[in-house]
Asks: 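Just dropping this structure here.
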Amino acid sequence: MEARHTPPRKDGRVIIHFDYDCFYAAVFEAKNPSLKSLPFAVQQKQIIVTCNYEARRRGLHKLQLVRDAKRICPEVVIELGEDISRFRDASKELYSFIRAYSWSGKVERLGFDEVWVDVTDMVSYNMEMLNQNSLAQSFFHISRADPLEGFAFDASSIAGHPYPKDFVSAGREQDSDLTLRLRLGSHLAQHIRHALEQQKGYTSTVGIATSKLLAKVVGNLNKPKGQTTVMPPLSADESACSNVTAFIDGHEIGKVPGIGFKLAQKLREHVLQRPATFDPGLVYGGTKEAVTVAAVRHHADINPETLEKLLSGPGSPHGIGYKIWCLLHGVDDSEVGQAKPVPSQISIEDSYNRLDTLPELLKVMNALAKSLLTRMRIDLLADDDNGFGEEHDSANGGATTQASHAATPKKWLARPKTLRLTTRPRQPLQPDGTRVRSFKRISHSGPLPTFVFGLSESAEALAEKLVSGALLGMFRRLHPEKSGWNLSLVNLAVTNMAETAGVGKTSRGRDISNMFRKQEDVLRDFRVTDTSSLLPYEVDITDVVSSDGEEREVCGPLTVASTTTTSAPDHHDGSGSWEEDGETDEENERCGYCGARMPGFALAAHQRFHSPFQ
DNA sequence: CAGGGCGAAT
DNA sequence: ATTCGCC
């Protein structure tokens, strides 16, 4: 066999991927825990979109027709989940919770129920703090500012499951450092996962690896509420084969994130050499012949260039060939996206069985426009007193916004410039009575009228103006015929967010990126920079912390080992009086520089703050 | 292939 | 400004 090229691996990062277990069902269960012990499912239109594990034990599954579900399990408890605002709110709340742990702000959400966190910096910091001679008695610092914050852990073992499951730490010398880093990542992941469960009531399935791709895919090995870490060797050499390749090779090609339906079809077709593989009119799952990553990778003539030729087309990114080639080798250098203060677009849509009259259309557009304006007020509006966002995660849609509206002056963090109307026309009936199912959307955009930013009128009133003043005209351009159209979907969106003045990087004190920094990072600025000049901002900082949601308990002093039930050192008494209270405590040690008293495990981290450099 | 989104490519 | 791909 000729020596094939493989893309270079860069495994310097540690990335955690969270996937909340049966998220929609979990949102209802968090509000109403009694559902947990019942077979419980969430319905949208005619299908069960998700169900809890009690329901799955009885034979239910995702994306099942409600009829079938009720037939199989008549006792099933069903809630309607068509209004997704509660899921969006819960998703944001959990995202904020996870984000508070991050030092880098590299925290990226995918859909409502998945989050990646790049914890490379936290892991590197803690690697330096490790005592190699007593790995089993380690302490993971989750704050650079407060050395007491963190948890005790055993750095000589992995938390949760390793991949491969019979992994034993051995092998190449250069892998030992990576092994240790991933172990630290696994313990941090477990810490956050447990905090999510205990403080927020959500269980999650977690993957830990050196890339987004691997972290996401490996998590699936142990679900629900499990975690899995991809261990070295990650690349092959004469003496060892790559765990990454072994892992990814067994996957069906379409299961690889980044390879969607279309790309997978093209690849299957190529490997199966010709046959278009599947029957066009198949329901659910289809019989796409299973083509594994290994089959594609080992297929003759697979390289970046041939893949580019095979896969590029309208709408596909340039360099798709190289990108897919990397994915086939389990290589993914994409960054975990930086948490952003405002979304890049907001859209609202709904689908309809029949929408073909003007009065119906008006009703629909008014409802969507109202939701859109309400969303804009929730996501883009902030208190004007300090320029920081408030991030209300109201459980009841816009009610909080309305209620607090009168109390505090508000300010738009961003003003979308563009309004877009998208429809999905339903194909007319064929002569033979069948209907061609089309999922094609058509859209038209235009300038968003600025009156929507007015705050003196209700969202409802503004929505009506928006419909008559802009949306109807756009609709006519999309559907010039007076009648005859029949829509199966309408989508409204605002895009082209222009950040408003005072939100940019220039205004230091009002920089809204501060909104996304956890307390310790904000506080650190006080310690390492000119303290006196920052004093006027103290109030702002306090506001940031309190306005950033109810998650502050994670940063409280009592978090030390609080979520770990085993092998936690009892260095504090749990009463919150660990600070200098005059009590002498022989367990504590004293910093030789400033005299501060603290447990021994905290001293190394603490003393870093006496260094002029970070 | 349900339903609702998001972001990147035209 | 619009469509595509993906979750």
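Below, all heavy atoms of this structure are taken into account, side chains as well, without hydrogens, waters or symmetry copies. Throughout, a chain's letter reflects where its sequence line sits, starting with A, and its residues are numbered from 1.
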Asks: C/dC7, B/dA2, B/dG5: which one has an atom nearest the side-chain heavy atoms of A/Val49?
Replies: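 Closest of the options to the side chain of A/Val49: B/dA2.
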Asks: Just compare C/dT3, C/dA1, B/dG5 and give me whichever is closest to any side-chain atom of A/Ser443.
Replies: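 Ranking C/dT3, C/dA1, B/dG5 by closest atom to the A/Ser443 side chain puts C/dT3 first.
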Asks: When all nucleic acid strands are considered with a 4.0 Å heavy-atom cut-off, which category describes A/Lys417: base, sugar-phosphate, or nothing?
Replies: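 Contact class for A/Lys417: none.
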Asks: To the nearest Å, how far apart are A/Arg420 CZ and C/dA1 P?
Replies: 12 Å
Asks: In this structure, how many angstroms lie between the C1' atom of C/dC4 and the CG atom of A/Leu311, rounded?
Replies: 15 Å
Asks: Across the strands shown, which category fits A/Gly258 at heavy-atom distances under 4.0 angstrom: base, sugar-phosphate, nothing?
Replies: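 Result for A/Gly258 = sugar-phosphate.
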Asks: Nearest of B/dG5, B/dG7, C/dC7 to any side-chain atom of A/Ser344?
Replies: B/dG7
Asks: Closest approach to the side chain of A/Ile442, judged atom by atom: which nucleotide of B/dC6, C/dT3, C/dC7 is it?
Replies: C/dT3
Asks: Within the pair A/Thr422 and C/dT2, is there a side-chain N or O less than 4.0 Å away from OP1 or OP2?
Replies: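 Checking C/dT2 against A/Thr422, no side-chain N or O comes under 4.0 Å of OP1 or OP2.
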Asks: Taking any heavy-atom pair under 4.0 Å as a contact, classify A/Leu489: base, sugar-phosphate, or nothing.
Replies: nothing
Asks: Check the distance between B/dG4's P and A/Arg424's CZ and give it to me in whole angstrom.
Replies: 10 Å
Asks: Please give, in whole Å, the distance from C/dC6 C1' to A/Ile324 CD1?
Replies: 12 Å
Asks: Rounded to whole Å, how long is the line connecting atom OH of A/Tyr352 with atom P of B/dA2?
Replies: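 To the nearest whole Å, that distance equals 17 Å.
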Asks: Mind checking what makes salt bridge (charged side-chain N to carboxylate O under 4.0 Å, His left out) contact with A/Asp19, not counting sequence neighbours?
Replies: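 If we apply the salt bridge (charged side-chain N to carboxylate O under 4.0 Å, His left out) test to A/Asp19, skipping adjacent residues, there are no hits.
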Asks: What ring pair (Phe, Tyr, Trp, His ring centres under 6.0 Å) pairs are there with at least one residue in residues 326-378 of chain A, not counting sequence neighbours?
Replies: A/Trp325-A/His329
Asks: Quick one: A/Phe87 CZ to B/dG3 C1', roughly how many Å, whole number?
Replies: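 Nearest whole value for this atom pair: 11 Å.
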Asks: Rounded to whole angstroms, how far apart are CD1 on A/Ile320 and P on B/dT10?
Replies: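 These atoms are roughly 11 Å apart.
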Asks: Identify, between A/Arg375 and A/Lys323, the residue whose nearest nucleotide on DNA chain B lies closer to the 5' end.
Replies: A/Arg375
Asks: Quick one: is A/His444 getting a side-chain N or O under 4.0 Å of the C/dA1 phosphate, OP1 or OP2?
Replies: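 False: A/His444 side-chain N/O out of range (4.0 Å or more) of C/dA1 OP1/OP2.
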Asks: One pair to check against ring-ring contact (aromatic ring centres under 6.0 Å, His included): A/Tyr24 and A/Phe87. What are the steps and the verdict?
Replies: CA-CA 6 Å; A/Tyr24 282 12; A/Phe87 308 132; 3.8 Å; yes
Asks: At under 4.0 Å between heavy atoms, what does A/Pro343 touch on the DNA or RNA strands: base, sugar-phosphate, or nothing?
Replies: nothing
Asks: Below 4.0 angstrom from OP1 or OP2 of B/dG5, is there any side-chain N or O of A/Arg88?
Replies: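 So the side chain of A/Arg88 is within the cut-off, an N or O lying under 4.0 Å from OP1 or OP2 of B/dG5.
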Asks: Expressed in angstrom and rounded to an integer, what is the separation of A/Tyr95 atom OH from C/dC7 atom C1'?
Replies: 16 Å
Asks: So what does A/Asp350 touch, heavy atoms closer than 4.0 Å: a base, only the sugar-phosphate, or nothing?
Replies: sugar-phosphate
Asks: Give a yes or no on whether a salt bridge exists between A/Asp21 and A/Lys225, defined as a side-chain N under 4.0 angstrom from a carboxylate O.
Replies: no
Asks: Remember a base hit wins even if backbone is also touched, and classify A/Gly260 as base, sugar-phosphate or nothing at under 4.0 Å, heavy atoms.
Replies: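 Counting heavy atoms under 4.0 Å across all strands, the contact made by A/Gly260 is with sugar-phosphate only.
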Asks: Using a heavy-atom cut-off of 4.0 Å across all strands, would you classify A/Ser445 as base, sugar-phosphate, or nothing?
Replies: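 Counting heavy atoms under 4.0 Å across all strands, the contact made by A/Ser445 includes a base.
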Asks: Check every strand shown and say whether A/Ser351 touches a base, only sugar-phosphate, or nothing at a heavy-atom separation below 4.0 Å.
Replies: sugar-phosphate
Asks: Look at all strands and tell whether A/Gln46 reaches a base, only sugar-phosphate, or nothing, counting heavy atoms closer than 4.0 Å.
Replies: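 Contact class for A/Gln46: none.
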Asks: Under 4.0 Å, heavy atoms only, any strand: does A/Gln44 hit a base, just the sugar-phosphate, or nothing?
Replies: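 Counting heavy atoms under 4.0 Å across all strands, the contact made by A/Gln44 is with sugar-phosphate only.
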Asks: Anything under 30° is parallel, anything over 60° is perpendicular, the rest tilted; go ahead and classify A/Phe23 against A/Tyr20.
Replies: tilted
Asks: Here's one to test your reading of the geometry: is the NZ or CZ of A/Arg415 within 45 degrees of the ring axis of A/Phe453 and under 6.0 Å from its centre?
Replies: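 Yes; both conditions hold, so A/Arg415 lies above the ring face of A/Phe453.
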